[in-house]
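Residues: numbered from 1 along the sequence shown.
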Amino acid sequence: MEQMNTAAAKSIRCRAAVSRVAGQPLEMEEVEVAPPRAHEVRIKILCTSICHTDITFWRMEGNHPSILGHEAVGVVESVGEHVQEVAVGDMVVPVFAAQCSECPDCLSDRSNLCSKLPNVAGLMPRDRTTRFSSVSTGEPIRHFLSVSSFAEYTVVDITHIVKLDVGFPPAMACLLSCGISTGVGAAWKVAAVEPGSSVAVAQGARMRGAKRIIGVDLNPDKFDVGKRLGMTDFINPNDTGGKTVSEVIKEMTGGGGADYCFECIGSTSTILLGVSGNKAPISIPSHEILRGRSVIGSLFGGIKPKNDIPMLAQKYLDKELELEEFITHEMGFEEINRAFELLTQGKSLRCIIWMDGAKEIDNGV
């Protein structure tokens with residue numbers, strides 16, 4: 001397919017689900033998506049899904065109008081100057097974490113936080129402008145986490161792009177762009193869970209050989225799904241007879257407690273792997289530190305996107321990584337507000353939101 005660069009590409013008008021008021025339903029609007037500039041890629045989104053981080057920022061004041069969404073997969077529609085890594089027609093996963101592969105952090109095994117291109121809230125990372133505007137008013141619309149996948153087309157910096165084989169299932173690729181990679185990476189790269197460990201809780205722990213994997217959730221419906229993903233035990237904090245979750249885990253593990261614990265919802269009362277919206281401080285009893293306990297933070301589970309996401313995709317193809325079980329719902333783009341409701345009500349794990357015609361691609365039509 002002939003490469004379309006900035007000189008040939010023109011603005012595109014398409015649909016986007018725009019967040020205009022904090023916590024209110026997204027508004028389906030026609031937006032204009034400008035051509036990619038140097039080091040940028042314009043992507044036709046195939047499908048996207050909603051992560052709890054989208055919910056957190058959707059509820060925040062001061063982030064509007066914006067196009068949310070950061071878990072997606074798409075096809076390259078056009079590229080800007082100096083883009084050599086991908087070409088028109090390639091299947092790509094946009095990710096919120098940059099990897100320039102040049103800065104000291106990207107070259108280090110100890111960090112996955114690119115220091116050359118840190119995330120710029122609401123704008124493109126290099127020139128700090130936006131590629132989105134309202135067709136009806138001309139008003140600029142903010143980007144979100146360098147992705148903005150709740151639109152039929154988006155523009156993403158090449159450092160936020162991971163190329164996958166064009167035959168990889170789009171819905172599965174979508175899951176790898178944030179949530180699954182974060183969870184698996186936390187166990188695999190950050191905690192480096194050892195075989196035989198007791199863990200609360202992650203699919204990545206099963207892959208690392210953990211013997212006992214304890215799930216903790218207020219929603220009992222998640223137990224069955226958890227078991228299929230490797231969970232051995234389940235605790236509902238409402239059914240502990242007045243005991244704390246920590247006390248129950250200690251009883252289950254012979255008094256020693258879990259070797260590794262992963263918090264995924266952004267609650268500082270349980271320590272943290274998810275995103276906390278209120279920036280609350282974390283309090284840790286000093287005697288726990290003296291006993292050798294430690295708290296390790298991670299962003300994106302320590303994943304280096306361009307290196308590790310293709311590896312996780314191969315693990316899926318080799319049947320070492322389960323992805324299908326996480327998809328509880330699928331629907332069209334026009335139903336995106338229903339997908340928000342399902343997630344906020346705890347009724348879905350991941351809802352795949354298909355753009356018009358993209359579902360046929362997934363089915364091989």
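- Glu77 has its side chain within reach of Ile12: a pair of non-hydrogen atoms, C-beta onward, lies under 4.5 Å apart.
- Just one residue in the list Arg126, His39, Arg37 forms a side chain to side chain donor-acceptor pair (under 3.5 Å) with Asp157, and that residue is Arg126.
- Residues Ala17 and Met28 share a closest heavy-atom pair of N-SD, 4.1 Å.
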Cys351 vs Met331, side chain to side chain contact (heavy atoms under 4.5 Å, CB included): CA-CA, chis, key distance, verdict: CA-CA 7 Å; Cys351 176; Met331 58 190 64; 3.5 Å; yes
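- By the 4.5 Å heavy-atom criterion applied to side chains, Val18 and Pro65 are counted as neighbours.
- Side chain of Lys44 to backbone of Val76: no donor-acceptor contact under 3.5 angstrom is found.
- Summarising the geometry of Ser111 relative to Leu113, their closest heavy-atom pair is OG-N, 3.1 Å, with the distance given to 0.1 Å.
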Evaluation steps, side-chain hydrogen bond (donor to acceptor under 3.5 Å, both in side chains), between Ser246 and Thr244: CA-CA 5 Å; Ser246 178; Thr244 65; 4.8 Å; no
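- Inspection of the Ser19 and His64 side chains reveals an N or O donor paired with an N or O acceptor under 3.5 Å.
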Test side chain to side chain contact (heavy atoms under 4.5 Å, CB included) applied to Val92 and Val75, step by step: CA-CA 6 Å; Val92 293; Val75 174; over 6 Å; no
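- The closest side-chain donor-acceptor pair between Asn337 and Glu341, if any, does not fall under 3.5 angstrom.
- The residues Glu330 and Arg350 are annotated as not salt-bridged, no charged nitrogen and carboxylate oxygen being separated by less than 4.0 angstrom.
- The 12-atom threshold is not exceeded at CG of Asp109, counting heavy atoms of other residues, nucleotides or ligands nearer than 6.0 Å.
- One finds the CD1 atom of Ile43 at 14.5 Å from the CD atom of Glu152 (value rounded to the nearest 0.5 Å).
- Hydrophobic clustering keeps Leu117 apart from Ile303 (ILVMFWY residues linked when any side-chain heavy atoms are closer than 4.5 Å, directly or through intermediates).
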Test log, rule side chain to side chain contact (heavy atoms under 4.5 Å, CB included), inputs Leu107 and Ser101: CA-CA 6 Å; Leu107 295 174; Ser101 301; 5.6 Å; no
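- The main-chain N or O of Ile141 is found under 3.5 Å from a side-chain atom of Thr130 such that the two form a donor-acceptor pair.
- The backbone N or O of Thr129 lies less than 3.5 Å from a partner atom in the side chain of Asp127, making a donor-acceptor pair.
- The two residues Asp165 and Met91 make their nearest non-hydrogen contact at O-SD, 3.7 Å.
- Without hydrogens or angle criteria, Asp90 side chain to Ala87 main chain gives a donor-acceptor distance under 3.5 Å.
- In terms of hydrophobic clustering, with Ile, Leu, Val, Met, Phe, Trp and Tyr side chains grouped at heavy-atom distances under 4.5 Å, Met60 and Leu145 are assigned to a common cluster.
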Trace of the ring-ring contact (aromatic ring centres under 6.0 Å, His included) decision for Phe340 with Trp58: CA-CA 10 Å; Phe340 264 70; Trp58 168 64; 5.1 Å; yes
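- Within the model, atoms CG of Leu175 and CD of Glu322 stand 10.5 Å from one another, a figure rounded to the nearest 0.5 Å.
- Formation of a donor-acceptor pair under 3.5 Å by the Ser177 side chain with backbone atoms of Val93 is not found in this model.
- For Thr154 (side chain) and Ser149 (main-chain N/O), no donor-acceptor pair under 3.5 Å exists by modelled atom type.
- Contact annotation: the side chain of Val73 never approaches that of Thr48 to less than 4.5 Å [non-hydrogen atoms, C-beta and beyond].
- To the nearest 0.5 Å, the span separating CG on Asn112 from CZ on Arg110 amounts to 12.5 Å.
- In this structure, Ser66 contributes its side chain and Asn63 its backbone to a donor-acceptor pair below 3.5 Å.
- With hydrogens and angles ignored, the 3.5 Å screen pairs a side-chain donor or acceptor of Ser148 with a backbone N or O of Ile67.
- Transitive grouping of hydrophobic side chains (ILVMFWY, heavy atoms separated by less than 4.5 Å) keeps Leu123 and Val147 in distinct clusters.
- Of the possible donor and acceptor atoms, none in the side chain of Asp308 sits under 3.5 Å from a partner among the backbone N and O of Pro305.
- Side-chain polar atoms of Glu71 and Ser49 form a donor-acceptor pair below 3.5 angstrom.
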Derivation of the side chain to side chain contact (heavy atoms under 4.5 Å, CB included) call for Leu312 and Ile180: CA-CA 9 Å; Leu312 292 176; Ile180 303 303; 6.0 Å; no
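- You'll find the side chain of Glu32 reaches within 4.5 Å of the side chain of Ser133, heavy atoms only.
- Clustering ILVMFWY residues whenever any of their side-chain heavy atoms sit less than 4.5 angstrom apart, transitively, puts Val120 in a cluster other than the one holding Val156.
- Glu29 and Arg15 are not joined by a salt bridge, as no carboxylate oxygen comes within less than 4.0 angstrom of a charged side-chain nitrogen.
- In this structure, the side chains of Glu251 and Lys243 come closer than 4.5 Å at one or more pairs of heavy atoms.
- Annotation: side chain of Pro118 is not in contact with side chain of Pro125 (no heavy-atom distance under 4.5 Å).
- A 4.5 Å side-chain heavy-atom check between Cys106 and Lys116 finds every atom pair outside the cut-off.
- Closest heavy-atom contact between Lys163 and Glu85: CD-O, 4.2 Å.
- The side-chain heavy atoms of Ile55 and Ile50, taken from C-beta on, include a pair separated by under 4.5 Å.
- At a threshold of 4.5 Å between side-chain heavy atoms, the hydrophobic network of Ile, Leu, Val, Met, Phe, Trp and Tyr places Leu46 and Val166 in two separate groups.
- The main-chain N or O of Ile161 is found under 3.5 Å from a side-chain atom of Lys306 such that the two form a donor-acceptor pair.
- Taking the six-membered ring wherever Trp is involved, the centroid distance between the rings of Tyr316 and Phe168 falls below 6.0 Å.
- Ion pair Glu40/Arg131 flagged as a salt bridge, since at least one NZ, NE, NH1 or NH2 atom sits closer than 4.0 Å to an Asp/Glu carboxylate oxygen.
- The two atoms that bring Ile235 and Pro237 nearest to each other are O-CD, 3.6 Å, heavy atoms only.
- Taking CD of Gln84 as the start and CD of Glu81 as the end, the distance is 11.0 Å to the nearest 0.5 Å.
- Comment: Lys250 does not engage Glu247 in a salt bridge, judged by the lack of any side-chain N to carboxylate O separation of less than 4.0 angstrom.
- The two residues Cys114 and Ala98 have their closest heavy-atom pair at CB-O, 3.4 Å.
- Using the six-membered ring where Trp is involved, His143 and Phe132 have ring planes that are tilted, between 30° and 60° apart.
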